[in-house]
Protein chains: 2
Amino acid sequence: MPRVGLNQRAVVAEAARLADEVGLQQLTLAALAGRLGVALPSLYKHVRGADALIQKLSALATAELATELTTAAAGRAGGDALRAMADAYRDYARRHPGRYPATQRVPDPADPEHVVAGERAVGAIYAVLRGYGLTGDDAVDATRALRSALHGFVSLEAAGGFGLPREVDRSYHQLVAGLDVSFRSWPVDAP
Amino acid sequence: MPRVGLNQRAVVAEAARLADEVGLQQLTLAALAGRLGVALPSLYKHVRGADALIQKLSALATAELATELTTAAAGRAGGDALRAMADAYRDYARRHPGRYPATQRVPDPADPEHVVAGERAVGAIYAVLRGYGLTGDDAVDATRALRSALHGFVSLEAAGGFGLPREVDRSYHQLVAGLDVSFRSWPVDAP
DNA sequence: GCCATAAAGCTAACCCTATTAGCCAACGCC
DNA sequence: GGCGTTGGCTAATAGGGTTAGCTTTATGGC
């Protein structure tokens with residue numbers, strides 16, 4: 001009986017592909033094992049269990065997203081960088097409907113790769129905000145605002161929450177333009 | 001053997017309480033049945049199944065949220081109304097960590113109560129935006145932006161996504177202030 | 001008051017997923 | 001070529017959801 005020759009990387013990579021096809025909720029060890037041509041319990045040689053698998057998938061997706069955000073913002077500044085990054089963000093979420101929700105898991109402190117990926121993603125946002133002259137507490141608030149707006153939009157869109165016929169692209173464009181305006185006069189009012 | 005005397009309302013209400021305690025993901029028919037002092041299959045006399053239960057829970061939570069948003073905005077206008085509504089939104093999500101995520105399910109078209117609840121919630125937002133002079137497509141875009149920002153913030157907060165020590169209340173306040181600024185000059189740029 | 005019927009509960013059985021234990025065989029190294 | 005490591009397997013357990021079919025309670029018409 002020849003071996004399939006799996007390792008953790010391959011298992012997680014296939015899990016990511018499967019998640020994108022069927023959705024993160026429907027990602028099941030049974031289906032994954034079937035995909036890999038292996039019996040279900042064999043997966044336990046490579047991952048600790050279902051939860052650990054998703055955590056690893058989160059690390060992978062976060063790293064991918066961080067890279068795409070960084071690339072998008074490279075060589076741009078201010079509103080240009082913001083728009084490019086926002087587009088990259090939404091684009092990733094739409095191309096990877098299964099991986100994207102996994103990126104919202106908080107990184108496992110025991111997984112250095114995961115932690116680094118998370119820092120890279122936040123760092124990319126920070127860099128864009130620096131272009132608006134934001135640092136310190138203001139940058140923290142602005143980062144949270146940006147993440148909230150992008151994540152909120154993208155997840156409502158994925159959930160089918162936008163019923164009306166009005167073009168979603170236009171709405172996203174407006175949202176990002178609104179963020180640009182806000183960041184220009186950040187912090188918006190005195191506490 | 002005396003009857004417990006359940007009905008769908010009671011089952012869904014208890015499901016909502018349980019979800020708030022253990023999380024929507026951990027809401028299980030088995031646990032719910034135990035709570036209600038009934039065997040698991042008995043629940044099928046009142047709900048079609050696990051998925052239908054969550055959909056009913058979504059209808060309940062959406063109705064509650066719509067009411068709270070409407071109440072918060074009543075008697076206020078402009079930035080005042082926006083802030084009151086945003087506070088009510090986050091407050092609901094924090095008081096009801098299990099119900100809140102259920103509100104993001106798209107309403108079941110076959111459930112008139114659910115549909116109405118969804119319309120009331122969106123209507124409350126629309127009313128606030130009318131205070132900014134927004135109507136038509138602009139209001140659609142602004143509604144999506146507002147929902148995205150609030151939902152994004154609240155769900156990142158619930159997921160523990162805000163690691164830094166910076167006060168979360170302050171960040172939320174800034175986010176809402178930023179929305180206020182944006183809505184004042186909406187639409188932000190020409191398409 | 002009585003009985004027919006609908007509704008509310010039950011048990012039993014089945015399927016699917018995750019997990020653990022323990023066995024066996026393939027691969028890699030010396 | 002032996003031999004340890006390790007990647008795969010089967011079997012078994014537990015938990016959740018679902019369906020079928022039975023029993024008993026409440027209820028309403030007469």
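Hydrogens, waters and symmetry mates are skipped; everything else that's a heavy atom, side chains included, is used.
- Listed by chain and number, the residues in a side chain to side chain donor-acceptor pair (under 3.5 Å) with B/R147 amount to none (sequence neighbours excluded).
- In this structure, A/L36 places its CG atom 9 Å from P of D/dG8, rounding to the nearest Å.
- Between A/D87 and A/Y92, every side-chain heavy-atom pair lies at or beyond the 4.5 Å cut-off.
- In terms of position on DNA chain C, the residue among B/N7 and A/L27 whose nearest nucleotide sits closer to the 5' end is B/N7.
- Side-chain contact check for B/F183 versus B/V128: every heavy-atom pair is 4.5 Å or farther apart.
- The phosphate of D/dG8 has OP1 or OP2 within less than 4.0 Å of a side-chain N or O from A/H46.
- Atoms CD (A/Q26) and P (C/dA18) sit 12 Å apart, rounded to a whole Å.
- Distances shorter than 4.0 Å separate none of the side-chain N or O atoms of A/S42 from OP1 or OP2 on D/dG7.
- Checking C/dA8, C/dT19, D/dC9 against the side-chain heavy atoms of A/A50 singles out C/dT19 as nearest.
- Of the candidate nucleotides D/dT19, D/dA11, D/dG8, D/dT19 has the atom nearest to the side chain of B/P41.
- The CD-P distance, from A/Q25 to C/dT17, rounds to 14 Å in whole Å.
- Look at CG on A/L32: it is 15 Å from C1' on D/dG8, rounded to the nearest Å.
- With rounding to whole Å, B/R48 atom CZ is found 10 Å from D/dT19 atom P.
- Checked against D/dT10, C/dC10, C/dA26, the side chain of A/R3 finds its nearest nucleotide in C/dA26.
- When the P atom of C/dA18 is taken as reference, atom CG of A/L29 falls 4 Å away, rounded to whole Å.
- Candidate nucleotides C/dT11, C/dT17, D/dG16 were compared by shortest atom distance to the side chain of A/T28, and C/dT17 ranks first.
- Each of D/dG8, C/dT19, D/dT10 was ranked by its minimum atom distance to the side chain of A/V4; first place goes to D/dG8.
- The residue A/L40 sits close to a base: some heavy atom pair falls under 4.0 Å.
- If you measure from atom CG of B/L24 to atom P of D/dG16, you get 16 Å, rounded to the nearest angstrom.
- Distance B/L43 CG to C/dT11 P: 13 Å, rounded to the nearest Å.
- Here the side chain of A/Y44 is nearest to one of C/dT20, D/dT19, C/dC10, namely C/dT20.
- Nucleotides of DNA chain D nearest to B/K45 and B/D51 differ in position, and the one nearer the 5' end is that of B/D51.
- Taking the centre and axis of the six-membered ring of B/Y172, the NZ or CZ atom of B/R90 falls inside the cone set by 45° and 6.0 Å.
- Scored by the side chain to side chain donor-acceptor pair (under 3.5 Å) test, B/R48 finds no partners at all (sequence neighbours excluded).
- Ranking C/dT19, D/dT19, D/dG16 by closeness to the B/A30 side chain, first place goes to D/dG16.
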